[in-house]
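To keep things clear, I will list the structure first and then write my remarks on it.
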Amino acid sequence: PPRGGIPPPGPSGVLSATSETRSTTTTARREEQPDGSFLRSLELEDAEFIDERWPYRSSKSLRMIYDQITSSPRYCLGMEQDGRLCAFILRYRNGALGMLHVEEAFRRRGYASLLLSEATRLLKEHDEPCFAFIRDGNQASEALFMKQGWELAEPNARRKSGRRRTKRLWVLRRNEQ
């Protein structure tokens with residue numbers, strides 16, 4: 001049975017985007033890359049795969065992922081290799097980019113860099129704010145964002161103490177916008 005109150009799939013057994021839930025002004029994209037992988041729009045069928053890999057998964061996260069894909073389809077992107085999703089980035093409903101993930105077997109191929117670069121380009125192209133939250137200590141994400149012209153919004157802000165690492169706001173540098 002579906003988690004988080006997600007409605008059951010349609011007659012075909014697959015959840016699909018309809019004109020009522022998916023923006024009709026945004027067409028799905030699929031662009032082949034030099035290594036044979038594809039940069040593509042995320043689809044509702046990808047939601048469970050994403051949810052299973054998200055470290056902050058909860059009883060409500062699958063519904064949240066469905067909502068993200070349907071409300072911001074232009075900015076929810078994935079990398080596909082050999083017919084399977086291997087990397088993704090989504091845009092939260094508050095506008096922040098997040099949930100950037102690359103499957104272990106596909107790391108060190110530039111997929112995270114390509115996804116972040118393309119999502120950033122699309123945000124700028126549509127005059128949308130470029131911001132993300134990264135947990136303290138996520139060195140891979142911090143390094144990637146810095147390399148692409150992002151910076152901490154408040155680098156001197158005091159870090160909170162406690163068991164959970166603090167999410168810190170990152171923004172695209174002004175001269176990069």
Side-chain angles (χ1 to χ4, degrees), residues 1-24 26 28-29 38-107 111-112 115-116 118-120 122-123 128-142 144-145 150 152-153 157 159-171:
R3 295 184 323 105
I6 305 301
S12 67
V14 177
L15 282 165
S16 61
T18 64
S19 59
E20 292 85 34
T21 60
R22 187 120 167 132
S23 169
T24 56
T26 303
R29 62 187 282 191
F38 289 89
L39 171 66
R40 67 171 178 84
S41 303
L42 291 176
E43 299 295 333
L44 291 177
E45 292 81 7
D46 298 319
E48 287 186 33
F49 177 88
I50 294 166
D51 188 49
E52 289 168 1
R53 281 142 183 84
W54 195 41
Y56 307 105
R57 181 180 185 185
S58 73
S59 62
K60 297 178 182 179
S61 60
L62 184 58
R63 169 88 284 175
M64 178 191 72
I65 294 166
Y66 282 133
D67 289 346
Q68 287 170 249
I69 292 171
T70 57
S71 67
S72 294
R74 171 182 293 131
Y75 311 106
C76 294
L77 303 170
M79 294 298 301
E80 182 180 301
Q81 182 67 265
D82 299 323
R84 65 179 245 217
L85 185 64
C86 62
F88 51 84
I89 190 168
L90 288 90
R91 184 177 188 216
Y92 288 97
R93 297 215 40 197
N94 69 2
L97 289 178
M99 298 181 79
L100 178 61
H101 173 78
V102 179
E103 291 285 274
E104 192 75 38
F106 296 93
R107 293 186 180 169
Y111 292 166
L115 289 169
L116 178 59
E118 183 61 10
T120 301
L122 289 167
L123 287 169
E128 296 280 349
C130 295
F131 68 102
F133 293 93
I134 300 174
R135 291 213 182 267
D136 281 339
N138 185 341
Q139 295 173 340
S141 287
E142 291 172 351
L144 174 63
F145 275 71
W150 292 66
L152 272 169
R159 296 179 184 198
K160 296 178 184 175
S161 61
R163 294 180 60 203
R164 294 186 76 183
R165 293 180 293 172
T166 302
K167 290 186 293 187
R168 299 187 71 195
L169 176 63
W170 286 70
V171 295

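Hydrogens, waters and symmetry mates play no part in the numbers below; they use all other heavy atoms, side chains included.
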**OP:** Go through the steps for Ile65 and Leu42 under the test side chain to side chain contact (heavy atoms under 4.5 Å, CB included), then give the verdict.
**Re:** CA-CA 10 Å; Ile65 294 166; Leu42 291 176; over 6 Å; no

**OP:** Please test Leu115 against Leu39 for side chain to side chain contact (heavy atoms under 4.5 Å, CB included), starting from the C-alpha separation and ending with a verdict.
**Re:** CA-CA 8 Å; Leu115 289 169; Leu39 171 66; 3.6 Å; yes

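Contact of the Glu48 side chain with the Tyr66 side chain is registered, since non-hydrogen atoms from C-beta on lie closer than 4.5 Å. Within the 4.5 Å cutoff, the side chain of Met79 has no heavy atoms near those of the Phe106 side chain. The closest side-chain heavy-atom distance from Trp170 to Glu142 is below 4.5 Å.
Residues Arg53 and Glu103 are paired through a salt bridge, judged by an N-O separation under 4.0 Å between the basic side chain and the carboxylate.
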Name every donor-acceptor pair, under 3.5 Å, that has one atom in a side chain of residues 86-96 and the other anywhere in the protein, sequence neighbours excluded.
unit_1: Arg91; atom_1: NE; unit_2: Gly95; atom_2: O; d: 3.1
unit_1: Arg91; atom_1: NH2; unit_2: Glu128; atom_2: OE1; d: 3.0
unit_1: Asn94; atom_1: OD1; unit_2: Ala96; atom_2: N; d: 2.9

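Applying the side chain to side chain donor-acceptor pair (under 3.5 Å) test to Glu104 and every residue at least two apart in sequence or in another chain returns Arg107. Looking at residues two or more places apart in sequence or on another chain, you find a side-chain contact (heavy atoms from CB on, under 4.5 Å) between Ala140 and Asn138. Residues satisfying the ring pair (Phe, Tyr, Trp, His ring centres under 6.0 Å) test with Phe145, not counting sequence neighbours, are Trp150. The ring pair (Phe, Tyr, Trp, His ring centres under 6.0 Å) check on Tyr111 picks up nothing, with sequence neighbours excluded. Scanning for ring pair (Phe, Tyr, Trp, His ring centres under 6.0 Å) contacts around Trp54 gives Tyr56, with sequence neighbours left out.
Atom CG of Leu144 is separated from atom CD of Gln139 by 13.5 Å, given to the nearest 0.5 angstrom. Taking CZ of Arg63 as the reference point, atom OG of Ser58 lies at 13.0 Å (rounded to 0.5 Å). How far SG of Cys130 is from CG of Leu123: 4.5 Å, rounded to the nearest 0.5 Å. The structure places CG of Leu122 at 6.5 Å from CG of Leu77, a figure rounded to the nearest 0.5 Å. Cys76 contributes atom SG, which lies 10.5 Å from atom CD of Glu43 (distance to the nearest 0.5 angstrom).
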